[in-house]
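I'd like to ask you about the structure that follows.
Every heavy atom of this structure was used, including side-chain atoms; hydrogens, water molecules and symmetry mates were not. Only a predicted model underlies this, so the values are computations on that prediction, with no experimental measurement involved.
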Amino acid sequence: MKKIEAIIKPFKLDDVKEALNKIGIQGMTITEVKGYGRQKGHQELYRGAEYVVDFIPKIKIEIVAEDDMAQKVAETICSEASSGKLGDGKIFIMPVEEAVRIRTGEKGKDAI
C-alpha cells in the first residue's frame with residue numbers, strides 16, 4: 001500500500017475530488033494547511049497598511065491506495081490540480097506498512 005499526500009490550491013479541490021471518484025477512490029482526508037514553496041508568500045494591503053503574507057492557504061489531501069493505483073492517483077491529482085502557474089503544489093508518495101479498520105479489525109487492503 002502507498003500513502004499519497006498532495007498539497008494543492010483550495011479552489012482545485014472539487015475538481016480533484018470528482019476526478020478521484022471517477023477512478024474509484026472512495027476515501028480521502030482533507031486538511032486546510034498553510035505554507036509556501038517557491039512562491040515565498042505575497043504582499044497585501046489592509047486599511048492602507050501593507051503587510052506580507054508568508055504562508056499561503058493550501059489544501060492537503062491524504063489517500064491510502066493499493067500499490068498499483070498509487071501512480072494513477074498521483075497522475076489524476078496532477079492533471080486536475082495543475083494551472084500551469086507557480087504554487088500549484090506537490091505530491092508525495094510513501095509506503096504504508098499496515099492499515100487497520102478500527103470498527104471491524106480488518107487489515108491490509110480490506111481496511112482501505
key: Asp88 side-chain N/O to Ser83 backbone N/O, donor-acceptor pair under 3.5 Å   = yes
List the atom pairs, with distances to 0.1 Å, where a side-chain N or O of residues 97-108 and a protein N or O form a donor-acceptor pair under 3.5 Å, not counting sequence neighbours.
from: Glu98; atom 1: OE2; to: Gly108; atom 2: N; distance (Å): 3.0
from: Arg101; atom 1: NE; to: Glu106; atom 2: OE1; distance (Å): 2.8
from: Arg101; atom 1: NH2; to: Asp110; atom 2: O; distance (Å): 3.0
from: Arg101; atom 1: NH2; to: Ala111; atom 2: O; distance (Å): 3.4
from: Thr104; atom 1: OG1; to: Glu106; atom 2: N; distance (Å): 3.3
from: Thr104; atom 1: OG1; to: Glu106; atom 2: OE1; distance (Å): 2.9

request  = Decide yes or no for Ile112 and Ile63: does some side-chain heavy atom of the first lie under 4.5 Å from some side-chain heavy atom of the second?
outcome  = no
request  = Could you point out which residue of Ile4, Ile77, Asp15 forms a side-chain contact (heavy atoms from CB on, under 4.5 Å) with Leu20?
outcome  = Ile77
remark   = The reported gap from NZ in Lys12 to CD1 in Ile59 (rounded to nearest 0.5 angstrom) is 14.0 Å
request  = Decide whether Ile8 and Ile30 are clustered together by the hydrophobic rule: side chain heavy atoms of Ile, Leu, Val, Met, Phe, Trp, Tyr closer than 4.5 Å, transitively.
outcome  = yes
ask   = Is there a path from Ile91 to Val16 through hydrophobic residues (I, L, V, M, F, W, Y) whose side chains come within less than 4.5 Å of each other?
value = yes
ask   = With the 4.5 Å side-chain cut-off for hydrophobic clustering, are Ile23 and Met28 part of the same group?
value = yes
request  = State, with a plain yes or no, whether a side-chain heavy atom of Glu62 is found less than 4.5 Å away from one of Lys3.
outcome  = yes
ask   = Does the side chain to side chain contact (heavy atoms under 4.5 Å, CB included) test come out yes or no for Lys58 and Lys9, once each step is laid out?
value = CA-CA 5 Å; Lys58 301 284 184 176; Lys9 292 180 176 181; 4.1 Å; yes
inquiry  = Less than 4.0 angstrom from a charged side-chain N to a carboxylate O is my criterion; do Lys60 and Glu5 meet it?
reply    = yes
message = Using every non-hydrogen atom in the two residues, find where Ile93 and Ala74 come nearest and quote the distance to one decimal.
response = CD1-CB, 3.9 Å
task = Examine Ile25 and Ile7 and state if one hydrophobic cluster contains both, with Ile, Leu, Val, Met, Phe, Trp and Tyr joined whenever side-chain heavy atoms are less than 4.5 Å apart.
result = no
